[in-house]
Structures are given as C-alpha cells and as structure tokens.
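The residues of the chain are indexed from 1 along the displayed sequence. What you see is a predicted model, and the numbers here were worked out from it, not measured in a lab.
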Amino acid sequence: MDVRQLEYFLAVVDHGGFNRAARALFIAQPSLSQSIRTLEKDLGGPLFHRIGRRAVLTEEGHALIEPAREAVRSLDAARASVESVRGLRTGRVAVTSMPSPAVEPLSSMVEAFAARHPGVELTVRAAAVPQAVVDAVRTGASELGLLSARELPAAPGVRLHPVERQRFVVLAPPGGPFEPGVPLRRECLAGQRLIVGEPGTGIRRLTEEIRASGVDLTIAVESGHREAVLPLVLKGVGLAVVAEAWRSLAARAGAVVLDLDPPAFLHLAMVSRAGPLTPAAAEFLALALARDAPDR
C-alpha cells in the first residue's frame, strides 16, 4: 500500500465514481481501477460495491476515509515543509467556505495570498452551512475553512479563529418600497416577499426570527444558490436579507441596500485543524487573521 493508492481511493470517494475520478486525475480509468483493486487486495477486503458505473462505499471503505486523508495530509505537510525552505514557491492549500464569506472577506484573503505566493495552488470549495465547513476541516477534506453564523458553533476537533463580524443588510430593487439611505426597521418588512437561503444558514435564521417576532412576511423563494439572490431582487421577485459582504456588489448592480434597525450581526471565523498546519496553510491563515477587518 502506498500514498498514491490512497489518493486514488479518495478521488473515487470525492468524485463519486471511477470514471470521474480518473478524469480529475488525468489518468486512464483501467489504471485507477487496477490500483484500487491492488489496495483492496492488500487490505483484505472490498472498499467499494461496483454497481454499474456507480461506486458505493463498503463499511471497510468508510473506515478508511479518515486514515487515508490523514496519510495524504501528512505527505502534503512533508512536501510543503521541504518547499517552504525555498520560500513557498510551490505547494497547495484547500479552503472550504460558505458562499457569503466567499464574496468577502475570502476574496481579499485569496488576493493577498496569491500576490505573495503565486506558485502555490489554491483550491476553494463550497459548503452551505457552518457544520459542513467544520466537518470538511475535521475530516481533512480541506485544511482550512471560513464560516459565518449568528453565533460561532462549538467545534470539537478543530480550532476556530474569529475574523470579523458583518452586519445584515436588506437588498431591495431600484424604485422599490423603501427610501434609500434610511435604516429599515424590521416591522417594515410586514407584507413583503423575501428571498431566503437554505435552512441552517445565519441569513435564513434571521429571516425566521423576524417572522417569529410577529412580522407577517412571506418567504417567496428559497435558493440554495446565493448567486441567484441578487438577480431575483433586481427582477422584483422579492427582498433579501444578506450579509454586509454583498453591499458593494449589490450597489454596483443597481440594488438598494438598506441597514437594518436595530442592527443584527453575522460572526465570521477561520477554521483550522487541531494539529500542525502545512507551511502554505499556516501562511494563508496568518494573512487571513492579519487583515484589517471592518466591524460595523
């Protein structure tokens, strides 16, 4: 058994099948399949049930995931440690982020890191809710994460590094029912149609809290695709309560951006694994925590 076989195994897990994993790795599918079969022979049992073109994990396969990620991560750490001697000219780091923080501050973090270390490969993955970010880091799918929540969650097995807080704002279409520049009291949302995110997100929780307080608003659209929220607002489908990160983008697109009165805030934090980080991940985290964060 070698690390390459474990990398192939994890690729099949992450891509959901042998063909997709082979394409992602730029290798022939028969070569990948043979490597997995050799690994299964070494371990003494099947890792996948092969059902047509599907690859379904066996109990042995599920048990191997975290040890395999740890082995690959350890190899990455060793490689990165060697590369760090040459000034982080190469290497890689993966970050999992929720969509709103990816608008900002993640984009600024990536910009700063890429400018300082252009040779390091950076992968940004998406997660819908805070627990998914924590799980990605805890299991080794990503070395770092960026989450947002009304209250930062308990996160055993990882470390949380508070970054900033962002206030919630309301997006309305141009020519809409509210005067630009005037803070919007929550009761003014009565009778309005809202576009909301998935359950479990901080933005959705705030919307539900406002409705539970007695404000008779209607959830018109639930969207798992945050990039659809702004176009829907501009088309007049409804209003949206979003994080401050969207302010500049929404204003440039022509939406009216209104502060909530009284204000409510979303807390943002970086997530790292409890053990030592690779040099590339440690540098990214340091740059992320060193930035001047707004606290509105």
Side-chain angles (χ1 to χ4, degrees), residues 97-109 126-130 133 146-152 162-269 291-296:
S97 174
M98 294 172 64
S100 288
V103 177
E104 191 63 44
L106 183 62
S107 58
S108 294
M109 296 174 183
V129 296
V133 177
L146 177 61
L147 60 78
S148 60
R150 294 294 305 282
E151 297 177 358
L152 294 181
V163 173
E164 65 179 54
R165 66 175 186 169
Q166 293 183 3
R167 69 181 299 158
F168 286 100
V169 297
V170 176
L171 303 186
F178 304 115
E179 183 179 350
V182 178
L184 184 67
R185 295 195 62 82
R186 299 181 185 189
E187 55 266 29
C188 294
L189 293 172
Q192 298 296 323
R193 293 164 55 86
L194 265 70
I195 303 158
V196 300
E198 297 174 281
T201 61
I203 292 170
R204 175 64 175 270
R205 284 181 59 193
L206 177 60
T207 303
E208 291 173 342
E209 287 172 15
I210 293 173
R211 186 163 63 169
S213 71
V215 177
D216 185 20
L217 55 84
T218 300
I219 293 180
V221 179
E222 178 184 305
S223 175
H225 299 282
R226 301 294 174 82
E227 62 271 19
V229 171
L230 181 55
L232 289 172
V233 170
L234 293 173
K235 290 177 184 294
V237 174
L239 310 178
V241 180
V242 300
E244 176 78 21
W246 289 79
R247 181 186 291 272
S248 178
L249 177 65
R252 290 199 305 270
V256 176
V257 184
L258 303 163
D259 292 332
L260 274 175
D261 179 25
F265 295 93
L266 193 65
H267 295 272
L268 278 66
R291 47 186 298 282
D292 293 327
D295 191 16
R296 299 172 184 267

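- A distance of 10.5 Å separates CZ of R193 from CG of L232, quoted to the nearest 0.5 Å.
- No side-chain heavy atom of L239 sits less than 4.5 Å from a side-chain heavy atom of I195.
- Counting all heavy atoms, side chain and backbone alike, A127 lies closest to V133 at CB-CG2, 3.8 Å.
- Rounding to the nearest 0.5 Å gives a distance of 15.0 Å between CZ of R165 and OG of S148.
- Residues L206 and I210 are in side-chain contact: their nearest non-hydrogen atoms beyond the backbone lie under 4.5 Å apart.
- Counting only heavy atoms from C-beta outward, the side chains of R211 and T218 never approach each other to under 4.5 Å.
- Within the 4.5 Å cutoff, side-chain heavy atoms of Q192 are placed close to those of L194.
- Between the side chain of Q166 and the backbone N or O of A245, at least one donor-acceptor pair lies under 3.5 Å.
- In this structure the side chain of L171 never reaches within 4.5 angstrom of the side chain of L234, judged on heavy atoms.
- A side-chain donor-acceptor contact under 3.5 Å links R252 and S248.
- Counting all heavy atoms, side chain and backbone alike, V169 lies closest to A243 at CG2-O, 4.0 Å.
- Between L146 and M98, every side-chain heavy-atom pair lies at or beyond the 4.5 Å cut-off.
- Under the 3.5 Å distance criterion, with hydrogens and angles disregarded, no donor-acceptor pair is assigned to the side chains of S213 and E209.
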Enumerate donor-acceptor pairs with a distance under 3.5 Å from any side-chain N or O in residues 253-268 to protein atoms, sequence neighbours excluded.
| unit_1 | atom_1 | unit_2 | atom_2 | d |
| --- | --- | --- | --- | --- |
| D259 | OD1 | R247 | NH2 | 2.5 |
| D261 | OD2 | R185 | NH1 | 3.2 |

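- To the nearest 0.5 angstrom, L184 atom CG is 14.5 Å from F168 atom CZ.
- Of the inter-residue distances, the one linking W246 atom CH2 with L230 atom CG reads 6.5 Å to the nearest 0.5 angstrom.
- Electrostatic pairing of R204 and E222 counts as a salt bridge here, judged by a charged N lying under 4.0 Å from a carboxylate O.
- Taking both residues in full, the closest heavy atoms of L106 and S97 are given as CD2-CB, 3.6 Å, listed atom of the first, atom of the second, then distance.
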For this session: Show the numbers, then the answer: is there a side chain to side chain contact (heavy atoms under 4.5 Å, CB included) between V196 and V241?
Result: CA-CA 7 Å; V196 300; V241 180; over 6 Å; no
